[in-house]
Amino acid sequence: MADIVITTVAKVSEYIIGPVIREGKYFLCVGKIIKDIENEINELIFERDNLLDRVEQAKQRTEIIEKPVEKWLHDVQSLLEEVEELEQRMRANTSCFRGEFPAWRRYRIRRKMVKKGEALGKLRCKSDIQPFSHYAPLPGIQYQSSENFTYFQSTKAAYNQLLELLNDDCIYMIGVYGMGGCGKTTLVTEVGKKAQESNMFDKVISITVSQTQNIRDIQGKMADMLNLKLKEESEEGRAQRLWLSLKENKRILVIIDDLWKEFNLMNIGIHIDNVNKGAWKILVTTRNQQVCTLMDCQKNIHLALLSKDESWTLFQKHAKITDKFSKSMDGVPRELCDKCKGLPLAIVTMASCLKGKHKSEWDVALHKMRNSSAFDDHDEGVRNALSCLELSYKYLQNKEAELLFLLCSMFPEDCNISIDDLILYAIGLGVGGRSPLKLSRSLVQVGINKLLESCLLMPAKDMQCVKMHDLVREVAIWIAKRSGNQKILLNVDKPLNTLAGDDSMQNYFAVSSWWHNEIPIIGSLQAANLEMLLLHINTSISQSSFVLSNLTFEGIEGLKVFSLTNDSNSEVLFSLPPSIQMLTNVRTLRLNGLKLGNISFIASLTRLEVLDLRHCDFNELPCEIGSLTRLKLLDLSRCHFYQQTYNGAVGRCSQLEALYVLPRNTVQFVLEIIPEIVVDIGCLSKLQCFSIHDSLVLPYFSKRTRSLGLRDFNISTLRESKGNILQISENVAFTRLHGGCKNIIPDMVEVVGGMNDLTSLWLDECPEIECIFDITSNGKIDDLIPKFVELRLRFMDNLTVLCQGPILQVQCFFDKLEELVIYHCKNLRITFPRECNLQNLKILSLEYCKSGEVLFPKSVAQSLQQLEQLKIRNCHELKLIIAAGGREHGCCNPTSTHFLMSSLREVTILDCPMLESIFPICYVEGLAELKRIHIAKGHELKYIFGECDHEHHSSHQYLNHTMLSQLEVLKLSSLDNLIGMCPEYCHAKWPSHSLRDLVVEDCPKLDMSWIALMIRSGHSQHRLNENLPLKLELYLHVLPQLKSISWQDPTAPRQIWSLQCLQYLKVGDCENLKSLFSMKESRSLPELMSISIYNSQELEHIVAENEELVQQPNAEVYFPKLAHVEVKRCNKLKSLFPVAMVKMLPQLSTLHIFDATQFEEVFRNGGGDRTVNEMEVVLILPNLTEITLNFLPSFVHICQGCKLQAVKLQQINIYECPKIAPSVKEIQVCYSHIETGSAMEEIGNREIVTRFLQRVTIFQAVSMVFRVLNRVTILGKRDTIFKLAEYVFRIRLVVPWVVRTNRVTIWTVADCYVSVLVQILKRA
């Protein structure tokens, strides 16, 4: 019995004492609670900052952050704010609480704190979110420029017709045809962009087919636009994968440009069937109308040539002339324009060619045009156009440009032609002769520039490439065909070996083969005049190794240029025959992407000047290469050496002028070869251009000339060398440099033996470096590195100072410096002496450094005339960027301070908690070029532009002056004490016409009138309509002082700042926000497209109450473009808009309402709305597609007493809305009346069925089908399911009149369908 009592007492004690102890901790362990919370907060903030860094890196890689990551960051921010609020309440209750039950209230707060601490720990454990991000989709057709598109009557008619056909659901295949160069591609590109901007299609894809019809390349381009990775090997598999991806889009426009013959769309994954006809549309452009017929185009549009007046307008635009100029030239320009016969390409080419020329040159051009030979093998229209382009070729008057023009025609249509490749080929053909390589490059570049200026070449997206228009290419081929010694054979449609026996081959100057469908086996060509042979292979279509038993170089001993390239991702095992040694006349040898093995044959090519072995694998570079006394250029980029030791071959190339070495990977023995090459080539006296790097150096750095990037390099190995490559290097990057040098000057310069050409130095993780320039002993930087302009330092842990020594000695370092980037040098203190001059500095970036309280003395700041970018981050000591006051600091004349930093374009200041202001207000007037300001985490910052304290400054001098007239982006974040842009006494105007992105968050003391000043667009409606500003994105977050966005001008109380430029609005965590807009005086928001509001607990109205305005019969459309509205956690909001405003929302597409406890209806039908008191009022929202209503405990109806008509409604999501009216589930769609008799007569008509299917919303169809499947069990047979669907859609034609006559709900109609269907199935 005693045991039972003891057990019982123990159990009771366990249940009583345990909770008592736990609850007692809230009174007795306050310190521990706070400490635990602080620890959790610090760890969570650490996790958050790490994640934010990853987010920033992902965005730089053009990746989109996954929603779970954004949600985690948002949850962290919300939780930290809640904890901060509890801490403030705890401090308030602890220090100054007086009143009833103080202990009880403290107990409740501490109890909440403990729970928040647990929540912090749980949230911290969830920070490792996978997947983290994904690549952003490419812009596709929007990437194309509209700059040169001109609307003429002919193009405008075709443009409008195309848009009309795209809106016709019965049309799915459209053809546009016309002669080459008439503007087909430009037209369909503009139509595609318009269709995408208008949301006519979910996806717009543009592909170019051309003559070669390279299926695999087209598939790859489509995959890029779909953000899809194709892993299938076969073309058929890739096509099926593309089709699966395309199926995810309901409406697609595919533009197939430059089609020359019939093309099977299924080869690229486009399969048109009865399901997607009308929704998928194909737009084809071609020169031949017959191609439209072969492609079964339902509608063909002919793009005619321009009229005389249109041609003259286009000619004037590109020649930059007027009618008066033409008359002064006796009508010569007008006659030349007429000779172009209305062909846009010819007009543009001719006009550009003669722009700015003397009268005599116009006369010569007209004479040549009048006497130009006819193109007998083309029709008349093409002959006229080609004659114009031929004249442009003749007018080049530059033999290098003429040769390059013909060379460019040897590449396939629409090919990006590498400028570097053209240089290699031109050198091989003798451009520049025996001149230095640099001169030959210059001659080729001049020729390319000449072709670009004459519009015979076009710039490509890649700045290192050019393109040739297909019509211009035809001209080049025709010119080459007529020439006596420069005939070109361009092979794209047959195997090259079929041409080997052709006797005409002996007359060709150059042969180019891009035939992808067979191995390029050639026999004896017997072409004694052949100087250039380009063979291009694609192993993805053929095979990974070639056995070229028939390949021979006999009969082409005069060859000067031989190129064999493989553009696939894998190398090809390739063995060249012994006869290659016969090519003793070859000057350019290019072998790319091949596994070659032994390449000793190179030694026999005695006239070789250019050897390009990029992406090749071979045993080693033969030592005999030193016997090639003419070799100027050697490219070993991305090569792989089988031999793991370096044999010194490169150092034997005594005449070498250019060398490129860049490993393919980080295999250790490959990286070890690079330092050996660097030491070996020090004796090459003619080497002037080189790029030698390990694989870790940034790509854009490796593209610079005379650049060297080494990792783990021992600089002491150069101490005994007579000469080394560092002595002439311009751009040097070292990672983990070692060898005993504590500074660059004098230690490293002395070891190297001088670095007179050094312009750029990058140092990363070099622990031995303590100072960059140490001039404590005799010497001058200017004498040692006279051209030095760029310094970048990263993770230099032992670096303490940039320069030390007499200031006059080191001043020259600052004088020439253009870029200074310092990152995470924890022991480095940044100081700029008063005497230094930064007159050439353009980029300054300081991150995670010790800067002191002042960055620039005034005298130094005055010299920053060229500064364009300023970035400062995590400089916790910094108070002033520019020193304040005091003549002892070298204060300059205040009149000149207006021009301080006159070139500055971008300012970024992050996490500088002691910073008081960015610049004094007296300097702002000189910041005329400033476009971006981003400031975050500055606790002490009160004004962006602070007070100016010199005696000549007056606040009235800025009256009516517009400051920062070019500012486009302004971001202000986490600035606890920010009051405004500048002190109130400075009466200046701030930009509005240029601002396009304004972000203000967590600035609790910011005066809202400053935001109004920044986004205003003028004081008169008339002026607004004449010149609207750029579209503005406005983001306001954590602003407790914000009550409305309709601010009034304090100087004119009746004037509301205009929001006519506002396009995107996002407002969150504004606890005192009552309403967004007031329409009393500012009547329209013409550009607003999106509204997003969250966590604003006091919000009562989107539009402030003033409904008599919207009830007027001629009321202005307030939101003509508003498409998206989202509201989250706004607990006092009861509705979005008055019902009378429905007509003012013509583009409204999506409505999302979440977590609003008092929200009752979307559109408020108040008693004062006289227009909605009648029976059967229908709310028409023609573009509404989606409604989401979640966690709305008070929600009743969309609009009480009204019915919604939304013909495009596809999705309605309602969750946790317990008071919802039954009628909300009965959303009605008003159908046109269809008589039952006529419907029965046409029940089998598929066109009628299709028409009705298009008018049925997804919501209705899904609801009905689920009800049918619940009643009839037919899931066993697939055919029966298809039959069921057919019955359902046919029955819909029989009973739509029920809706009109009896006003029953869609659920009743569904029941009717089910009943009839069941009877039909029973009889069947």
Side-chain angles (χ1 to χ4, degrees), residues 33-52 55 65 67-94 105-106 108-127 129 910-911 913 935-941 971-978 999-1006 1008 1011 1035-1043 1066-1074 1092-1099 1126-1133 1154-1157 1191:
I33 291 173
I34 294 175
K35 184 176 181 181
D36 292 343
I37 290 290
E38 288 177 349
N39 290 338
E40 290 290 352
I41 289 174
N42 291 334
E43 292 180 4
L44 184 60
I45 289 175
F46 179 80
E47 290 291 337
R48 181 198 63 183
D49 291 345
N50 285 342
L51 200 65
L52 287 173
V55 168
I65 307 304
K67 289 184 178 180
V69 178
E70 294 179 342
K71 182 180 183 301
W72 187 89
L73 290 171
H74 179 270
D75 291 344
V76 168
Q77 184 66 26
S78 300
L79 187 55
L80 290 175
E81 290 169 0
E82 292 171 4
V83 172
E84 175 64 21
E85 181 183 356
L86 286 175
E87 288 180 341
Q88 292 177 0
R89 290 173 59 188
M90 179 179 287
R91 286 193 294 267
N93 279 289
T94 300
R105 294 192 178 183
R106 289 196 293 270
R108 290 181 60 189
I109 293 175
R110 293 164 187 169
R111 192 168 187 270
K112 288 182 180 180
M113 287 288 287
V114 172
K115 291 185 177 180
K116 294 299 181 183
E118 295 172 354
L120 289 169
K122 291 180 180 178
L123 197 55
R124 179 169 52 82
C125 297
K126 297 179 180 179
S127 62
I129 303 172
L910 306 176
D911 202 5
I935 307 171
K937 298 182 180 179
H939 178 72
E940 296 297 326
L941 192 73
K971 297 183 178 181
L972 307 174
S973 177
S974 300
L975 306 173
D976 298 343
N977 292 296
L978 182 68
V999 176
V1000 182
E1001 57 179 331
D1002 198 10
C1003 300
K1005 295 183 180 180
L1006 179 65
M1008 290 296 97
I1011 300 179
Y1035 176 40
L1036 305 175
H1037 179 63
V1038 194
L1039 298 173
Q1041 67 275 37
L1042 182 65
K1043 296 182 178 180
K1066 189 173 183 179
V1067 182
D1069 290 285
C1070 298
E1071 58 189 38
N1072 293 308
L1073 182 66
K1074 298 286 187 180
S1092 178
I1093 316 165
Y1094 59 93
N1095 290 356
S1096 297
Q1097 303 303 330
E1098 297 297 321
L1099 183 70
E1126 181 178 70
V1127 178
K1128 295 181 180 180
R1129 295 181 292 279
C1130 297
N1131 288 326
K1132 286 192 177 181
L1133 187 67
F1154 302 90
D1155 294 303
T1157 57
F1191 300 102

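Residues take their numbers from the sequence shown, with the count starting at 1. Side-chain atoms are counted along with the backbone in the values below, which use heavy atoms only and exclude waters and symmetry mates. Since the model is a prediction, treat every value here as computed from it, not as a measurement.
Taken to the nearest 0.5 Å, the OG atom of Ser1096 stands 9.5 Å off from the CG atom of Leu1039. Rounded to the nearest 0.5 angstrom, Leu972 CG and His1037 NE2 are separated by 14.0 Å. From Asn1095, atom CG reaches atom NE2 of His74 across 5.5 Å, with rounding to the nearest 0.5 Å.
When atom types are taken as modelled, the side chain of Glu1098 and the backbone of Lys1132 share no donor-acceptor pair closer than 3.5 angstrom.
Within the 4.5 Å cutoff, the side chain of Val1067 has heavy atoms near those of the Leu1042 side chain. Contact of the Val55 side chain with the Leu73 side chain is registered, since non-hydrogen atoms from C-beta on lie closer than 4.5 Å. Residues Gln77 and Asp1069 form no side-chain contact, since every pair of their non-hydrogen atoms from C-beta on lies 4.5 Å or further apart. With contacts defined as side-chain heavy-atom distances shorter than 4.5 Å, the pair Lys971/Tyr1035 does not qualify. Residues Ile45 and Arg48 have side chains in contact (heavy-atom distance under 4.5 Å, counting atoms from C-beta outward).
Under the side-chain contact (heavy atoms from CB on, under 4.5 Å) criterion, Asn42 pairs with no residue, sequence neighbours left out. Judged as a side-chain contact (heavy atoms from CB on, under 4.5 Å), and not counting sequence neighbours, the contacts of Asp1155 are Arg1129, Phe1191. For Glu1126, the side-chain contact (heavy atoms from CB on, under 4.5 Å) partners are Ser1092, His1124, Lys1128, His1152, Phe1154, not counting sequence neighbours.
Smallest separation of non-hydrogen atoms from Ile1093 and Cys1130: CG2-SG, 4.0 Å. Between His939 and Asn977, the closest heavy-atom pair is O-ND2, 2.6 Å. The two residues Pro1004 and Leu975 have their closest heavy-atom pair at CD-O, 3.9 Å.
Asn1072 and Lys1043 share no donor-acceptor pair across their side chains, judged by distance under 3.5 Å alone.
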